[in-house]
Amino acid sequence: MTRYDHRSAEPKWRAAWSEAGLFRSEIDRARPKYYVLEMFPYPSGRIHIGHVRNYVMGDVVARYKMARGFNVLHPMGWDAFGMPAENAAMERGIHPRDWTYDNIRVMKEQLEPMGLSLDWSREFATCDEDYQKAQQALFLDFLEAGLVYRKSGVVNWDPVDMTVLANEQVIDGKGWRSGAPVERRELAQWFFRISDWAEELLEAIDGLEDWPEKVRLMQRNWIGRSEGLQFHFETVGAPEGQGTLEVYSTRHDTIFGATFCAVAADHPLAKALEGEVPGLAEFTAECRRSGTSEEALQTAEKLGFDTGVRVRHPFEPEKDLPVYVANFILMDYGTGAIFGCPAHDQRDLDFARKYGLDVIPVVAPEEAGADFTVGEEAYVGPGRLVNSRFLDGMTIEEGKAEVAARIEAAEQGERKVNYRLRDWGVSRQRYWGCPIPVVHCDACGTVPERKENLPVALPLDVDFSKPGNPLDRHPTWRDTACPSCGGPARRETDTMDTFVDSSWYYARFTAPHAETPTNLAAADYWMTVDQYIGGIEHAILHLLYSRFFARAMARTGHLPSSAIEPFAALFTQGMVCHETYRDADGRWLSPEEVVRESERALRASDRSEVEIGPSIKMSKSKKNVVAPEDIVERYGADTARWFILSDSPPDRDVEWTASGAEAANRFLQRLWRLAIAEDLPAPGDPVPAAADDTATELRRAAHRAVRDVTADIEGFAFNKAIARIYELAGAIGKAEAAEAAGLPQARREALELAARLISPFVPHLAEELWSRLGHDTLLTGAPWPQPEAALLEEAMIVLPVQVNGKRRAEIRVPADADAKAVEAMALAEDNVKRFLGEGGPRKVIVVPGRIVNVVA
RNA sequence: GCCCGGAUGGCGGAACUGGUAGACGCAGCGGACUCAAAAUCCGCCGAUCGAAAGGUCUUGUGGGUUCGAGUCCCACUCCGGGCACCA
């Protein structure tokens, strides 16, 4: 029996698409545009199935929208800066640049056979000098607009690698590479002023209706808005210049429960006292040394040091509160100082118990009286204020309002909204990143590089044999002339966080070869991205940074104001998982080393028993990876595309199985066999008017499939769309065996519709079927089919009949039968009579077209 | 700790706004074709009682609303994810 040969068909059709230039997009104002984008890959070395799933989903959308008449933009590029390239350089002596571009070449070769409808003419890598130049120009414009600044900040410093570490790179207080205890060090860093946009970024989330609710919630939490009161206490016994202590609280209603104040180790008051109070300097040093990783913070004991300084309670002048330096107070949130109310904050309570401070309950639950006490658990629920003089009896909200009003009237403070979101530190002491285009001059200070001198390019002759930033110790690269005075100056050696690169690439795709970062006309036409697709792991940082960047670019004239939200719709796809295998010695085995039988698995080499582990995300360490090129070689790209979309909803994880891939291939072969049947009439031969019921039934099935597949694609339910296509193939297969007037024509119509419906999913096979059915045009880009309304309507329908809510019979009725007739038919059913027993029905509910329920 | 999801056959999953639970696929079982195998085709496939017709039970657990609940409400169990000294 002949078989569909993907090895010859797939390259043939890709060549045909390429020759026809179908995926090159140009501005065309006559057609509506559609911009579909998948999160671009980091060129780590090889494409894996997870990438394939991501891009195939985007491809289904792109091809579908193309068929619906949209002018589609579907580009691809490379997120090419980052640490792994430097690690490769250090470990294997390969230059990061060569390593990166080699990987890009290999991965592009892997991607090519997948048949993705990508416009490769727009391809770029973020490490291309063109892109760096554009990004540096953006940086300078942001700097001029006041969106970028430089300040000293506390960082995680690895003293061995001599570099700054991200919080995620600090494990148990030690550097993830060096294992050396991480220090908290103050370093001048460049920051983007994202926190200025906190309110705007938060409010605009409401408008992102086509984003997953989950992601919107995560962004809201990340921005972390809180409403509170910022006010000051008068200090007693504090050094010069520390006459007041500014604190921030969201529970200012509990002010009468305050029994202490606490400041951060880096707070000016703490610093001012370091030389005066014995032991304090040691304590603050200890605080600074302790790790900043989440785990370290979580497990760290709450420690405090009484400074001896006191503050005066604003409403009880006779009462003084002690001021502690505490290790759990953060300098960069609020004012770096708090008042502690142990009765109504667990952390404050723990602290108070440890240092023997008073616990004064000031909020009592409704059911409790004024003698309400707090044990080891702070009370944070609702209630009424007690022990609070003029606040007594008020609710928490009323208390807050009253305290705020009095503090404001006394000009001791004001209501203030605070955000968890911090400014974005973008300085990295790294080589393989985009250089920050500024110059340090002894005479002029920090001076922006002139735009005509861009790009500030990375030197290629760098030395990775020593730790630290190679740019810092390069013999000549740092030396330059001051753009302002012309005198000798030094280049900034920090490079930008790679998240900067990915924060605006979507905009660059609209005019990838422009001299300026963007071309406003092109951006105005293509932006915003209509559908963005990628992993949930980028739910916060990448997406938030991109939203900030689009706004900053709009402010500096690089994007139209209509594009401040870069991604109109977001879809987060699940991961690809696979079973794990271990041999008797506990060594991981890859799927190629294993023969899978129904209930067990054997090692291919010696048929020894293999333990089957859970299906988890594919990873090199567990060896449960499947190489896309192996699948493509064996079954073809279409099989890989079909299978990866067929089994699970796109937002959930999918398990890759060999049997599933085989089944996908079996189905594609089946479609092909159906389409090469010899008894099919010529193209254009219409279904005769006198067609038999069998033929009409097939036509109905085909047109229903068109309706359902269309809805499923629109709804991102590709697994359901595929199930509908399986059903259609089943109907065509059944019809092949039958003989009826008009059936060959109906089969032909159904096959043509099937070819059109599968084209977004398995584009090569769709073209092959289309061609085998006698067409000499390309199917790709051809208009999407419309179902015939008349064929979607059924003359007769089957209605279930329930007695007391249990199904007892089915009746076949005309679709437009009236309720009375339906009721009569239902009551005439034997089984209905049987369960009704003696006495007639008390009530009959007829839901037209749905169900009949008889109540006995 | 706080905030979100989710739980449906042996497995992945369907089920419109409350209306025949289990579409479609995998795995399994039986059969046809074949000397045989592969490929292909046909049938069965939640549990249970029954020869059958048909009955009973069944969507994590327990309650509730309703003519009718996988779907809505309340309480709980388990699983997954996010955040977490944020004052």
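Just so it is clear: chains get the letters A, B, ... in the order the sequence lines come, proteins before strands, and each one is counted from 1.
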Output yes when at least one side-chain N/O atom of A:Arg347 is less than 4.0 Å from OP1 or OP2 of B:C86, else no.
-> yes
When rounded to the nearest Å, what value does the distance between C1' atoms of B:C29 and B:G10 take?
-> 13 Å
Pick base, sugar-phosphate or nothing for A:Ile536, based on heavy-atom distances below 4.0 Å to the nucleic acid.
-> nothing
Under 3.5 Å, is there a donor-acceptor pair between the side chain of A:Asp423 and the main chain of A:Ser195?
-> yes
Neighbour count >12 (heavy atoms, 6.0 Å) for atom CD, A:Glu199 = yes
What does A:Thr335 touch in the nucleic acid at a heavy-atom separation under 4.0 angstrom: a base, only the sugar-phosphate, or nothing?
-> nothing
Flag this pair as yes if the NZ/CZ of A:Arg3 is under 6.0 angstrom from the six-membered ring centre of A:Trp672 and inside a 45 degree cone about the axis; otherwise no.
-> no
Pairwise P distance, B:U61 and B:G50 [rounded to whole Å] | 26 Å
Let me know the distance between CD of A:Glu823 and C1' of B:C67, rounded to the nearest Å.
-> 13 Å
Can you tell which of B:C83, B:A87, B:G25 lies closest to the side chain of A:Ile540?
-> B:C83
Nearest-Å distance once atom C1' is located in both B:C57 and B:G22 | 15 Å
Measure the spacing between CD of A:Glu286 and CG of A:Asn327 and express it to the nearest 0.5 Å.
-> 9.0 Å
Would you kindly give the CD1-to-C1' distance between A:Ile725 and B:A23, to the nearest whole Å?
-> 15 Å
Same-atom distance (C1') from B:G46 to B:U59, integer angstrom | 11 Å
Looking only at atom C1', what distance separates B:G25 and B:C74, rounded to whole Å?
-> 38 Å
Please report, rounded to the nearest Å, how far the P atom of B:G13 is from the CG atom of A:Asp712.
-> 17 Å
If you round to the nearest 0.5 Å, how far is CD1 of A:Ile713 from CZ of A:Phe761?
-> 4.0 Å
Between A:Thr657 and B:G12, is there a side-chain N or O to OP1/OP2 distance below 4.0 Å?
-> no
Examine B:A53: is either OP1 or OP2 under 4.0 Å from a nitrogen or oxygen in the side chain of A:Arg834? Give yes or no.
-> no
Closer than 4.0 Å, any side-chain N/O of A:Arg808 to the OP1 or OP2 of B:U56?
-> yes
Scan A:Phe643 against the nucleic acid and name what it touches under 4.0 Å (heavy atoms): base, sugar-phosphate only, or nothing.
-> nothing
Using only side-chain N and O atoms of A:Arg673, determine if any of them is under 4.0 Å from OP1 or OP2 of B:C41.
-> yes
Just compare B:G55, B:C26, B:G19 and give me whichever is closest to any side-chain atom of A:Arg666.
-> B:C26
Where each residue is assigned the nucleotide of RNA chain B containing its nearest heavy atom, which of A:Gln802 and A:Glu655 is assigned the position nearer the 5′ end?
-> A:Glu655
Nearest to the side chain of A:Met218 - B:C86, B:G82, B:C24?
-> B:G82
Using a cut-off of 4.0 Å on non-hydrogen atoms, how would the nucleic acid contact of A:Asn719 be classed: base, sugar-phosphate, or nothing?
-> sugar-phosphate
Closest to the A:Arg420 side chain, choosing from B:C67, B:A84, B:C85 = B:A84
Using a heavy-atom cut-off of under 4.0 Å over every strand shown, decide if A:Arg225 touches base, sugar-phosphate, or nothing.
-> nothing
More than 12 foreign heavy atoms under 6.0 Å from NZ of A:Lys354: is that the case here?
-> yes
Which part of the nucleic acid does A:Val847 contact within heavy-atom distance under 4.0 Å: base, sugar-phosphate only, or nothing?
-> base
Is A:Gln669 touching bases, backbone alone, or none of the nucleic acid, heavy atoms closer than 4.0 Å?
-> nothing
Who does B:C83 pair with, Watson-Crick or G-U, both distances under 3.5 Å?
-> B:G1
Between B:A87 and A:Tyr333, is there an OP1 or OP2 to side-chain N/O distance shorter than 4.0 Å?
-> yes
Within the structure shown, what part of the strands sits under 4.0 Å from A:Arg842 by heavy-atom distance: base, sugar-phosphate, or nothing?
-> nothing
Atom CD of A:Glu579 to atom P of B:C11: distance rounded to whole Å?
-> 14 Å
Please give the nucleotide sitting opposite B:U61 as a Watson-Crick or G-U wobble pair, both distances under 3.5 Å, or none.
-> B:A75
Between B:U56 and B:G5, how far is it from one C1' atom to the other, in whole Å?
-> 35 Å
Nucleotide nearest A:Phe835 (side chain, heavy atoms from C-beta), chosen from B:G19, B:C26, B:U56 = B:U56
Is A:Ile845 touching bases, backbone alone, or none of the nucleic acid, heavy atoms closer than 4.0 Å?
-> base
Consider the side chain of A:Pro649, meaning its heavy atoms from C-beta on, and name the nucleotide among B:G12, B:G13, B:C86 that approaches it most closely.
-> B:G13
Side-chain donor/acceptor of A:Asp345 to backbone N/O of A:Arg347, under 3.5 Å = yes
State which of B:A84, B:A23, B:A87 makes the closest approach to the side chain of A:Trp222.
-> B:A84
Quick one: is A:Asn831 getting a side-chain N or O under 4.0 Å of the B:G55 phosphate, OP1 or OP2?
-> yes
Span that lies between the P atom of B:C72 and that of B:A23, in whole angstrom | 22 Å
Assign A:Asn418 to base, sugar-phosphate, or nothing according to its heavy-atom contacts below 4.0 angstrom with the strands shown.
-> nothing
When you check the side-chain N and O atoms of A:Tyr333 and A:Ser226, is any donor under 3.5 Å from an acceptor?
-> yes
Find the partner of B:G25: check Watson-Crick (N1-N3 plus N6-O4 or O6-N4) and G-U wobble (N1-O2, O6-N3) distances, both under 3.5 Å, and reply none if neither fits.
-> B:C11
Between A:Glu377 and A:Gln346: side-chain donor-acceptor atoms closer than 3.5 Å | no
What integer number of Å spans the P atoms of B:U58 and B:A52?
-> 23 Å
Between B:C26, B:G19, B:A39, which nucleotide has the shortest distance from any of its atoms to the side chain of A:Asn853?
-> B:G19
Any side-chain N or O of A:Arg652 less than 4.0 Å from the OP1 or OP2 oxygen of B:G13?
-> yes
Could you check whether A:Ser249 gets within reach of a base, just the sugar-phosphate, or nothing at all, counting any heavy atom under 4.0 Å?
-> sugar-phosphate
Using only side-chain N and O atoms of A:Lys806, determine if any of them is under 4.0 Å from OP1 or OP2 of B:C67.
-> no
With the side chain of A:Phe328 defined as its heavy atoms from C-beta on, choose the nearest nucleotide among B:A14, B:C24, B:C85.
-> B:C85
